[in-house]
**Q** 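Structure in structure tokens, see below.
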There are 2 protein chains.
Amino acid sequence: MNVSNAYPLRADAQRNLERILVAAREAFAEGGLDVGVEEIARRAGVGKATFFRRFPTKEALVHAVYEGFVIEVEESVDRALQEDDEPLAALRAFLRHSMTTQAGNKAFFEAVASRFVAPVELTDRVMAAIARVMAPAEAAGALREGVEAGDISTATKMLGAAIRPMDGLLLPEAAWDRYLDVVICGLSADQAPLPGVAADPCAMVREVSAKSV
Amino acid sequence: MNVSNAYPLRADAQRNLERILVAAREAFAEGGLDVGVEEIARRAGVGKATFFRRFPTKEALVHAVYEGFVIEVEESVDRALQEDDEPLAALRAFLRHSMTTQAGNKAFFEAVASRFVAPVELTDRVMAAIARVMAPAEAAGALREGVEAGDISTATKMLGAAIRPMDGLLLPEAAWDRYLDVVICGLSADQAPLPGVAADPCAMVREVSAKSV
DNA sequence: GAAAAGACGGACCGATCGGTCCGGTTGTGC
DNA sequence: GCACAACCGGACCGATCGGTCCGTCTTTTC
């Protein structure tokens, strides 16, 4: 985000900026998006004022970290597309990876759970990545009629909810596949078609984001 | 909870207590569990101190309201059990009703999403109700092998997550059945059995609750 | 109808959070 | 090596939240 800005930062400032980003990723991963700015600055070995000199608001930092998540998603799709033994393999690998990431990174989980309004540009990138990862299954006719990108996005939310039965508690990995199985199975072909799509969640997200600018 | 206490409250105190409970239910339904105590007291036409005279802490109020939710769940199961056209009907009706309630009541949604640690006694009641509502389907062999009460509880969480694509946004009702279909379908028989249960979420919930007492 | 038990609410407290200010420090270009 | 701009961080601010205090008012009881 600000890492390579218009005119170059002084060396120490650049170093501190990077430290802040690293510290924020760590702190958010452990404690979720509610971790305070002071704690992040402390971890970065920096004063609170220094933080606010680089990021106008805490929200800006959250967006910067969120962009990292989007990149992770895109890379996850690239990796998932490698395995093409069977039509649904890539989609399954993607969803499974999403569970792992949400489990190990509380902020990622909260981001998926939409604890904040993400910039449109970034949600668009996520949707594009999802479209890529579901393409093989779609082409092979392995997907239930009516399943679309927004549904896969929703599936990641549902799976995230599944592996966190209560606040602060995380289901052991061995139990995750139960839910992944249920969802994959519900998304597979050879079922009655899904009811018609009455609304496009992505469009609504776009609308809300635009309104909040 | 405190409504009918050990020794009788004075008439005005009893009236105010009821007003507080009603106001809390409304306020929580609209704004979620983060609504402040002051706002609730204001809605009840009462001072903040009066609130804290009846409830030792805000958490106590949340638990009282949560007990109301548990009763709603139990009633919902009673109603769902009426419709027995086909084996899965009751379960489906129950999950559908849970979606409606979560949609119309932000606090209920957050309670399902486990935004707080509920008392063991109440989570036990929820689990018992779920066991009742899934019994017909189970008896008819309509459930996939390995599906148990904890999975239905998780299903309500997943469906709650599905209908709220982002903070403050609610999917229109017409789109809900898509996800209900996916989940019901994944829970139905005639699929490969679910992977073995490595952990019992309910037991873990019980453990965590005990620790926090 | 008066006294005492109980309830009332607004003012107050301490902790926390996002965000700002300012006097001292440090990297950088000449 | 010097001067200046850029940078630094701790102290500070205002808002908010859960929770308490205390002087006043209401209900109950005899």
Side-chain angles (χ1 to χ4, degrees), chain A residues 2-24 27-28 30-66 106-107 110 115-117 167 212, chain B residues 2-24 27-28 30-66 106-107 110 115-117 167 212:
Chain A
N2 276 337
V3 179
S4 59
N5 220 346
Y7 76 102
L9 290 174
R10 228 170 67 175
D12 51 348
Q14 177 71 26
R15 196 177 54 236
N16 281 337
L17 170 55
E18 279 154 17
R19 272 191 198 161
I20 289 171
L21 270 174
V22 169
F28 283 156
E30 291 171 22
L33 296 172
D34 283 338
V35 171
V37 168
E38 189 140 29
E39 161 77 10
I40 292 169
R42 201 184 51 70
R43 283 190 186 224
V46 143
K48 208 169 26 164
T50 299
F51 171 87
F52 282 106
R53 215 167 288 116
R54 290 305 147 234
F55 298 92
T57 130
K58 180 184 174 179
E59 195 188 8
L61 170 69
V62 171
H63 283 177
V65 171
Y66 184 74
K106 199 173 172 195
E110 291 180 353
R115 282 281 310 279
F116 68 98
V117 177
D167 188 46
S212 75
Chain B
N2 276 337
V3 179
S4 58
N5 220 344
Y7 74 104
L9 289 174
R10 231 170 67 175
D12 50 348
Q14 178 70 26
R15 196 177 54 236
N16 280 338
L17 170 55
E18 278 153 19
R19 272 190 197 161
I20 288 171
L21 270 172
V22 169
F28 283 154
E30 292 171 20
L33 296 172
D34 282 339
V35 171
V37 169
E38 188 141 29
E39 161 77 10
I40 292 169
R42 201 185 50 72
R43 283 190 188 224
V46 142
K48 212 183 356 179
T50 298
F51 171 87
F52 282 105
R53 215 166 289 118
R54 292 301 148 237
F55 298 92
T57 128
K58 180 183 174 180
E59 195 187 9
L61 170 70
V62 170
H63 284 177
V65 171
Y66 184 73
K106 199 173 173 196
E110 292 181 352
R115 280 282 309 280
F116 68 100
V117 177
D167 188 45
S212 77

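So that the names make sense, note that chain A is the first sequence line, chain B the second, and so on, each numbered from 1. Computed over heavy atoms, backbone and side chain alike; hydrogens, waters and symmetry mates excluded. These numbers were taken from a predicted model, which means no experiment stands behind them.
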**Q** For the backbone of A:Leu9 and the side chain of A:Gln14, can you confirm whether one donor and one acceptor N or O come within less than 3.5 Å of each other?
**A**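 Not confirmed, A:Gln14 side chain does not pair with A:Leu9 backbone.
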
**Q** Check step by step if side chain to side chain contact (heavy atoms under 4.5 Å, CB included) holds for A:Phe116 and A:His63.
**A** CA-CA 9 Å; A:Phe116 68 98; A:His63 283 177; 3.8 Å; yes

**Q** Without placing hydrogens or testing angles, list every side-chain donor-acceptor pair under 3.5 Å for residues 43-52 of chain A, not counting sequence neighbours.
**A**
residue	atom	partner	partner atom	Å
A:Arg43	NE	A:Glu39	OE2	3.0
A:Arg43	NH2	A:Glu30	OE1	2.9

**Q** What is the distance from CD of B:Gln14 to P of C:dG6, rounded to the nearest Å?
**A**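 That distance rounds to 16 Å.
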
**Q** Between A:Asn16 and D:dC8, is there a contact of a side-chain N or O with OP1 or OP2 at under 4.0 Å?
**A**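 True: A:Asn16 side-chain N/O within range (under 4.0 Å) of D:dC8 OP1/OP2.
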
**Q** Checking A:Arg10 now: which residues fulfil salt bridge (Lys or Arg N to Asp or Glu O under 4.0 Å) with it, not counting sequence neighbours?
**A** A:Asp12

**Q** Strictly under 4.0 angstrom, non-hydrogen atoms only: write out the protein contact profile of nucleotides 15-30 of chain D, one letter per nucleotide from the 5' end, B, S or -.
**A** ---BBBB----BSS--

**Q** Are B:Arg19 and C:dC8 close enough that a side-chain N or O sits under 4.0 Å from OP1 or OP2?
**A** no

**Q** Do the side chain of B:Glu110 and the main chain of B:Arg115 share a donor and acceptor less than 3.5 angstrom apart?
**A** no

**Q** Who are the side chain to side chain donor-acceptor pair (under 3.5 Å) partners of B:Glu59, not counting sequence neighbours?
**A** none

**Q** State whether B:Thr50 places a side-chain N or O below 4.0 Å from either non-bridging phosphate oxygen (OP1 or OP2) of C:dA7.
**A**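 No, because none of the side-chain N or O atoms of B:Thr50 sits under 4.0 Å from OP1 or OP2 of C:dA7.
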
